[in-house]
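Read through the structure below, which is laid out as structure tokens, and then see the notes.
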Amino acid sequence: MNKYRTHNCKELRKEDINKEISISGWINKKRDHGNLLFIDLRDNYGITQCIIDKENKNFLELEKTQLETVIKIQGKVVSRSIETVNKEIETGEIEVVINKFQILGTCKELPMPVFSDQEYAEEIRLKYRFLDLRRKKIHENIILRSKVISYIRNEMTKLDFLEFQTPILTSSSPEGARDFLVPSRLNPGKFYALPQAPQQFKQLIMVSGFDKYFQIAPCFRDEDARADRSPGEFYQLDLEMSFVEQEDVFNVVEKLMVNTFKKFSSKRLLYDKFPRIPYSQAMLKYGTDKPDLRNPLIIQDISEIFIRDDVKFEIFKKLVKSGSKVRCISTKNTKDKPRSFFDGIDKWAKEQGASGLAYFTFENDKDLSAKGPIGKFFSKESLLEIMKKTNSKVGDSIFMACGKQSDLEKITALARDKIANELDLIEENIFAFCWIVDYPMFERDEMTNKVKFSHNPFSMPQGDLGEKDFENPLDILAYQYDIVCNGIELSSGAIRNHKPELMYKLFSIAGYDKTQVDEKFSGMINALSYGAPPHGGIAPGIDRIIMLLANEKNIREVTMFPMNQNAQDLMMNAPSSVSDEQLKELNLSIKPKK
RNA sequence: GGGGGUGUAGCUCAGUUGGUUAGAGCGAUCGCCUGUCACGCGAUAGGUCGAGGGUUCGAGUCCCUUCACUCCCGCCA
């Protein structure tokens, strides 16, 4: 028999009454009645109420023992009287009468309580993460994470995917995020980079003939954090398949997502078959390539309205004439909303850096008109045209913004969320998945005005491209796709370009000559020249999937030991200084910061 | 790099138009209490009001600088 316990803290039931047992765990809570003491003992599995009275010689010492001390209790299981049964816990029908106890691990005064539903400053939670992780909600989140990962691994294996590990120390790549660099001792002055994703390796695995690969892969990107973006590192379900088209990848991943979300959440899936939205359409209708489809609002382009002579809203007319566009959001039956609602949205838009949101409400008081500060600028006919374009009725309102396309997309996307939240239009208990497809291969860099890869340079362009197509590179679409759920980008993937000549061509458009490509992507481009199969894949973000399943808004709530926003580990004190010896060995010196 | 929010006891927070000795709950310590499950009751200890400077007879409160945390923009193929 184990010297610490015969049962865990969730196991004991009525059937165990009269058994002499031992359990070990943390003192979750004490209720001290002076001559009678209740102790809730907690372990990973659950809570068991233990009881001792002053007749027992151990009473005084146990009464003095701190919360969160680890103890072993020996005693007898007894039934609770009907009035004292606790239905909240699984062991609530019994309790353990303490005979002996032993302290296994003492506990200092706590910097933060463990037994409490209160929220605490993250600084202290991260510094004492081991205490924080004892708390119910986050403890359960981390267990959920383990279960989801093991489920996914099992599903992938069932589908004949093979799990491989890829190098953590690899080479820096010019495209994409900032790399974490690791100095090489044996190669002075040279650096490894931590992989931003195993992108090239998984393609090399396909070229090596393994057909289907997956990995719960750590990825490292040295970029600033967000609520849904850990600084430094995160995990992807990285997968790649040979001899597949886009459709084959969709089939595998869509099923996996549906099954995983149905198994681990009680929320409803809005679509079992994910709608596919072309990138260009997403940018128009939602202003973003990660739309929240729980939100019923849709953005419409009404630029032509402002070319009409019977529309007198001169500010917008002038801007439209010089190339700006007007886009709007129509809200259903908002005629009775107070003026403060509309002005509030307008004010909010200005705070977001836009020039505001103009608005009016369709009214039919004898005749069709627009109510609101700018209503008088619109003729009846123009209003009818707007109603037709936006599918609006009398009583609905229009919010509109004018500007150049990229600014417009940004503000209308934000406004779409803001207005939906204000009107309480977003149903919380739903997962709304979609595919975003047909990403452009290239885009124009607004700063440099140069053509660059818009996503992954290794993606396969769509169609049979002739010389003519390369004259308008911005029109070239790629077999590049994203999965989005509730406005969160869960993954992106692509059918890869496995033809070296085409690869050189595409890189040349983005400004890399053959020598540069050979140098920077030597492993890849070389491999593709020795018989590469057509292949493609995707990489869903594990942390974000767990975040959605656990109903958390912050990725740190599903990460066991996260860093803070400044990429510091407050518990382990990382990053930290290193000795001069270490620096010398690496041929590095630190420039003093001014 | 830029913008917003927060910073008061170990923890969570209150603190009025600037005005005496900065408060509460939890936790800690001590005492009372034999059926609680957020046990109850009483007492005690615990504060550089993030830091520095300024205005003022007087600053937790107003002003300036700065630091930390957080959210957002940039960034994240």
Side-chain angles (χ1 to χ4, degrees), chain A residues 28-41 47-56 59 63-64 66-68 78 80-89 91-92 95 97 107-128 131-132 173-179 196-197 199-200 219-232 234 290 348 351-353 410-411 414 439-443 445-447 452-459 478 480 482 489 492-494 506-507 510 521 539 541 553-554 556 564-566 568 570:
Chain A
N28 192 54
K29 191 71 188 160
K30 287 193 292 184
R31 289 174 295 280
D32 188 353
H33 291 235
N35 294 315
L36 179 71
L37 172 65
F38 294 97
I39 287 189
D40 290 339
L41 200 68
I47 284 180
T48 300
Q49 174 167 284
C50 305
I51 184 166
I52 188 169
D53 70 17
K54 68 172 178 198
E55 303 302 316
N56 190 300
F59 180 81
E63 196 183 28
K64 277 189 307 192
Q66 289 264 8
L67 294 184
E68 293 305 310
V78 301
R80 298 205 204 180
S81 64
I82 294 157
E83 324 82 75
T84 60
V85 164
N86 184 350
K87 293 198 181 87
E88 304 291 312
I89 58 175
T91 58
E95 62 193 7
V97 177
C107 181
K108 298 199 284 190
E109 189 178 340
L110 295 165
M112 56 177 281
V114 171
F115 171 73
S116 169
D117 292 331
Q118 228 162 13
E119 306 228 12
Y120 302 98
E122 281 209 273
E123 203 172 351
I124 197 146
R125 291 183 56 194
L126 294 183
K127 185 166 178 193
Y128 297 95
L131 288 179
D132 192 37
S173 67
E175 288 282 321
R178 200 175 290 117
D179 282 318
Q196 297 179 24
Q199 180 63 38
Q200 294 190 58
C219 304
F220 307 89
R221 297 178 189 174
D222 188 4
E223 297 293 349
D224 288 357
R226 289 287 184 277
D228 64 351
R229 207 162 83 200
S230 290
F234 61 97
K290 35 182 184 178
W348 163 88
E351 285 164 7
Q352 303 306 307
K410 210 166 284 170
I411 188 62
L414 287 171
Y439 275 82
M441 191 79 212
F442 299 101
E443 64 186 14
D445 190 311
E446 283 191 25
M447 304 298 280
K452 60 171 192 178
F453 288 109
S454 69
H455 270 74
N456 189 324
F458 305 121
S459 297
Q480 163 87 41
D482 275 14
E489 185 192 318
S492 78
L506 295 168
F507 267 101
F521 304 101
K553 293 213 162 38
N554 194 303
R556 291 183 296 273
N564 70 7
Q565 195 166 45
N566 293 322
Q568 299 159 338
L570 299 176

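Keep in mind that what you see is a predicted model, and the values were worked out from it rather than measured. Quick note on labels: first sequence line is chain A, next is B, and so on, each numbered from 1.
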Identify the pairs formed between an N or O of the protein and an N or O of nucleotides 22-25 of chain B at a distance under 3.5 Å, and give each distance.
none

Contact list (N/O, under 3.5 angstrom) for nucleotides 37-43 of chain B vs protein:
residue: B/rC37; atom: O4'; partner: A/Arg31; partner atom: NE; Å: 3.0
residue: B/rC37; atom: O2; partner: A/Gln49; partner atom: OE1; Å: 3.4
residue: B/rC37; atom: O2; partner: A/Asn86; partner atom: ND2; Å: 2.9
residue: B/rC37; atom: N3; partner: A/Arg80; partner atom: NH1; Å: 3.0
residue: B/rC37; atom: N4; partner: A/Thr84; partner atom: O; Å: 2.5
residue: B/rC39; atom: OP1; partner: A/Lys29; partner atom: NZ; Å: 3.0
residue: B/rC39; atom: OP2; partner: A/Arg31; partner atom: NH1; Å: 3.3
residue: B/rC39; atom: N4; partner: A/Asp32; partner atom: O; Å: 2.0
residue: B/rC39; atom: N4; partner: A/His33; partner atom: N; Å: 3.4

Table of protein N/O atoms under 3.5 Å from nucleotides 66-70 of chain B N/O atoms:
residue: B/rA68; atom: O2'; partner: A/Glu123; partner atom: OE2; Å: 3.2
residue: B/rC69; atom: OP1; partner: A/Asn564; partner atom: ND2; Å: 3.1
residue: B/rC69; atom: OP1; partner: A/Asn566; partner atom: ND2; Å: 3.4
residue: B/rC69; atom: OP1; partner: A/Gln568; partner atom: OE1; Å: 2.9
residue: B/rC69; atom: OP2; partner: A/Asn566; partner atom: ND2; Å: 2.4
residue: B/rU70; atom: OP1; partner: A/Gln565; partner atom: N; Å: 3.2
residue: B/rU70; atom: OP2; partner: A/Gln565; partner atom: N; Å: 3.1
residue: B/rU70; atom: O3'; partner: A/Arg556; partner atom: NH2; Å: 3.4

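For A/Arg221 against B/rC76, a side-chain-to-base donor-acceptor contact under 3.5 Å is absent. No hydrogens or angles were tested; on distance alone, nothing pairs the side chain of A/Arg125 with the base of B/rC11 as donor and acceptor under 3.5 Å. Applying the 3.5 Å distance criterion, the base of B/rG35 shares a donor-acceptor pair with the side chain of A/Glu95.
By the 6.0 Å contact criterion, NZ on A/Lys127 is open, its count of non-hydrogen atoms from other residues, nucleotides or ligands being 12 or less.
Comparing B/rG1, B/rU29, B/rC76 against the side chain of A/Asp224 picks out B/rG1 as the nearest.
Looking at heavy-atom distances under 4.0 Å, A/Gln196 makes no contact with the nucleic acid at all. Counting non-hydrogen atoms under 4.0 angstrom, A/Pro457 reaches a base of the nucleic acid.
Note on A/Lys29 versus A/Asp40: no salt bridge recorded, every NZ/NE/NH1/NH2 to OD/OE distance being 4.0 Å or above.
Using a 4.0 Å cut-off, no side-chain N or O of A/Lys64 falls inside it from OP1 or OP2 of B/rG31.
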